[in-house]
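Naming: A, B, ... by sequence-line order, numbering from 1 per chain. Quick caveat, the model's predicted, so the values are computed rather than measured.
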2 protein chains.
Amino acid sequence: MPLPETEVPGRLQAELMSRGLRMTRQRRIILSVVETAKQHLDASQILRKAHKLDPQIDRVTVYRTLNLLKRHGLVDELDLMHLQGEKHYYERRPQRDHIHMACLRCGKITEFESDLFDRLKGQIQRDCRFHIVVSRLEVGGYCGQCRSLPS
Amino acid sequence: MPLPETEVPGRLQAELMSRGLRMTRQRRIILSVVETAKQHLDASQILRKAHKLDPQIDRVTVYRTLNLLKRHGLVDELDLMHLQGEKHYYERRPQRDHIHMACLRCGKITEFESDLFDRLKGQIQRDCRFHIVVSRLEVGGYCGQCRSLPS
DNA sequence: TTACATGTTGCAAGTGAGTTGCAACTATCA
DNA sequence: TGATAGTTGCAACTCACTTGCAACATGTAA
Ligand SMILES: [Mn+2]
Ligand SMILES: [Mn+2]
Ligand SMILES: [Zn+2]
Ligand SMILES: [Zn+2]
């Protein structure tokens with residue numbers, strides 16, 4: 001991973017700066033970790049990746065930055081069915097919401113976009129007169145491989 | 001609340017007994033608390049209600065009983081958007097799944113059943129070859145009252 | 001450039017939800 | 001009624017996350 005200071009600022013960084021928030025060395029690093037993540041990361045994984053760029057960064061700063069991103073609706077917080085412990089996972093909020101499926105046997109996480117999901121959210125907003133800010137659909141069960149397995 | 005020992009066993013108790021599980025005094029009490037709950041309760045609220053029937057019951061027994069019920073698919077565990085702290089809430093699994101909406105302003109929790117939700121789960125099972133065991137759709141936002149309020 | 005005000009950081013300590021080890025107990029069944 | 005295996009309560013523990021605070025860094029405006 002290139003040093004974030006020499007990089008073109010990512011979308012998260014640009015978004016926070018446009019909202020008048022201070023951009024510190026630590027924030028730039030944490031934002032770049034979240035931005036370039038290939039899977040869903042928990043707070044301690046984010047800290048470990050951030051430490052490769054600055055071993056001084058404290059886990060408190062990771063938690064505070066994640067709270068900042070949550071408050072600004074820039075990341076989503078996931079349970080992923082709490083398959084291992086009570087920790088939470090984070091991902092940059094995508095253009096279009098998706099569903100998370102967690103296999104209770106092998107632990108694999110699958111994502112799925114669906115028109116029906118978009119329509120369902122529309123129905124909630126209309127029928128319940130409820131303005132949706134954040135939505136989370138998580139499903140636990142058995143994936144294709146595990147479904148057709150003994151025991 | 002009447003003493004659970006003198007009651008007709010509730011559905012939770014009958015279900016656990018039919019699966020060959022031992023029915024202790026403590027379990028009967030905790031099951032009756034969950035069964036007769038009017039709202040979503042967290043573990044410490046369940047303990048407080050159980051204490052009215054037996055002040056000796058330990059919170060460990062509440063957690064162990066909730067885990068038992070979860071493993072048997074008899075209760076659902078909810079985040080309710082973690083509006084206050086990291087605790088979880090519990091409710092007896094209903095015949096038909098429903099959606100939970102949490103107002104980020106007043107904290108009100110609303111439930112909603114939807115055909116689209118049922119169809120969406122069907123689509124997931126078919127299109128993703130994923131056998132659903134448990135599903136959780138939680139939405140955060142602003143309820144009808146709060147939506148049309150200043151500040 | 002520099003000084004300033006205010007926001008941010010790291011450290012240490014704390015909180016709160018949930019779990020574990022284990023000896024004493026008890027539901028179930030022969 | 002006694003044997004057996006599952007369950008309980010207690011104490012201690014783990015883990016995720018938060019808070020208080022003094023030192024520090026950022027953005028802004030001289
Ligand atoms: Mn959670
Ligand atoms: Mn409910
Ligand atoms: Zn699987
Ligand atoms: Zn409201």
Examine [N]: is either OP1 or OP2 under 4.0 Å from a nitrogen or oxygen in the side chain of [X]? Give yes or no.
X       : N      : result
A/His88 : D/dC17 : yes
A/Tyr63 : D/dT18 : no
A/Gln26 : D/dA25 : no
B/Thr61 : D/dG9  : yes

Atom [atom1] of [X] and atom [atom2] of [N]: how far apart are they, to the nearest Å?
X       : N      : atom1 : atom2 : result
A/Ile29 : D/dT26 : CD1   : P     : 12 Å
B/Arg64 : D/dA11 : CZ    : C1'   : 12 Å
A/Leu31 : C/dT8  : CG    : P     : 12 Å
A/Ile30 : C/dT8  : CD1   : C1'   : 11 Å
B/Leu66 : D/dT7  : CG    : P     : 15 Å
A/His82 : D/dC15 : NE2   : C1'   : 13 Å
A/Leu68 : C/dT8  : CG    : P     : 7 Å
A/Leu47 : D/dC15 : CG    : P     : 16 Å

Going by distance alone, is a donor N or O of one side chain under 3.5 Å from an acceptor N or O of the other, for [X] and [Y]?
X       : Y       : result
B/Tyr89 : B/Glu77 : no
A/Asp42 : A/His88 : no
B/Gln26 : B/Thr65 : no

Would you tabulate the nitrogen or oxygen pairs shorter than 3.5 Å linking the protein to nucleotides 3-6 of chain D?
| unit_1 | atom_1 | unit_2 | atom_2 | d |
| --- | --- | --- | --- | --- |
| D/dA5 | N3 | B/Arg22 | NH1 | 3.2 |
| D/dA5 | N3 | B/Arg22 | NH2 | 3.3 |
| D/dG6 | O4' | B/Arg22 | NH1 | 3.4 |
| D/dG6 | O4' | B/Arg22 | NH2 | 3.4 |

If you only use heavy atoms from C-beta on, which nucleotide in [options] is closest to the side chain of [X]?
X       : options                : answer
A/Arg59 : D/dA12, D/dG9, D/dT18  : D/dT18
A/Lys87 : C/dT28, D/dC10, D/dA16 : D/dA16
A/Asn67 : D/dG27, D/dT18, D/dG9  : D/dT18

- Query: More 5' along DNA chain D: B/Thr24 or A/Met17, using each one's nearest nucleotide?
  - Reply: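 Nearest-nucleotide comparison on DNA chain D picks B/Thr24.
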- What is the nucleic acid contact for A/Asp54, judged by heavy atoms within less than 4.0 Å: base, sugar-phosphate only, or nothing?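 Counting heavy atoms under 4.0 Å across all strands, no contact is made by A/Asp54.
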- Main-chain N/O of B/His72 paired with B/Arg19 side-chain donor or acceptor, under 3.5 Å: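 Pair found, side chain donor or acceptor close to backbone of B/His72.
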- Item | Under 3.5 Å: donor-acceptor pair, side chain of A/Glu138, backbone of A/Met81 |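 Yes, because the side chain of A/Glu138 sits within donor-acceptor range (under 3.5 Å) of the backbone of A/Met81.
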Name the pairs: protein N/O against N/O of nucleotides 28-30 of chain D, kept only if under 3.5 Å.
none

Could you tell me whether [X] and [Y] make a salt bridge, using a distance below 4.0 angstrom between a side-chain N and a carboxylate O?
X       : Y        : value
A/Arg11 : A/Glu15  : no
A/Arg96 : A/Asp115 : yes
B/Asp79 : B/Lys87  : no

- Item | Check against salt bridge (charged side-chain N to carboxylate O under 4.0 Å, His left out), A/Lys121 and A/Asp97 | CA-CA 10 Å; A/Lys121 285 186 292 177; A/Asp97 275 351; 2.8 Å; yes
- Task: Report the relative orientation of the aromatic rings in B/His100 and B/His40; use parallel for angles under 30°, tilted for 30 to 60°, perpendicular for over 60°.
- Result: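 Perpendicular: the ring planes of B/His100 and B/His40 meet at over 60°.
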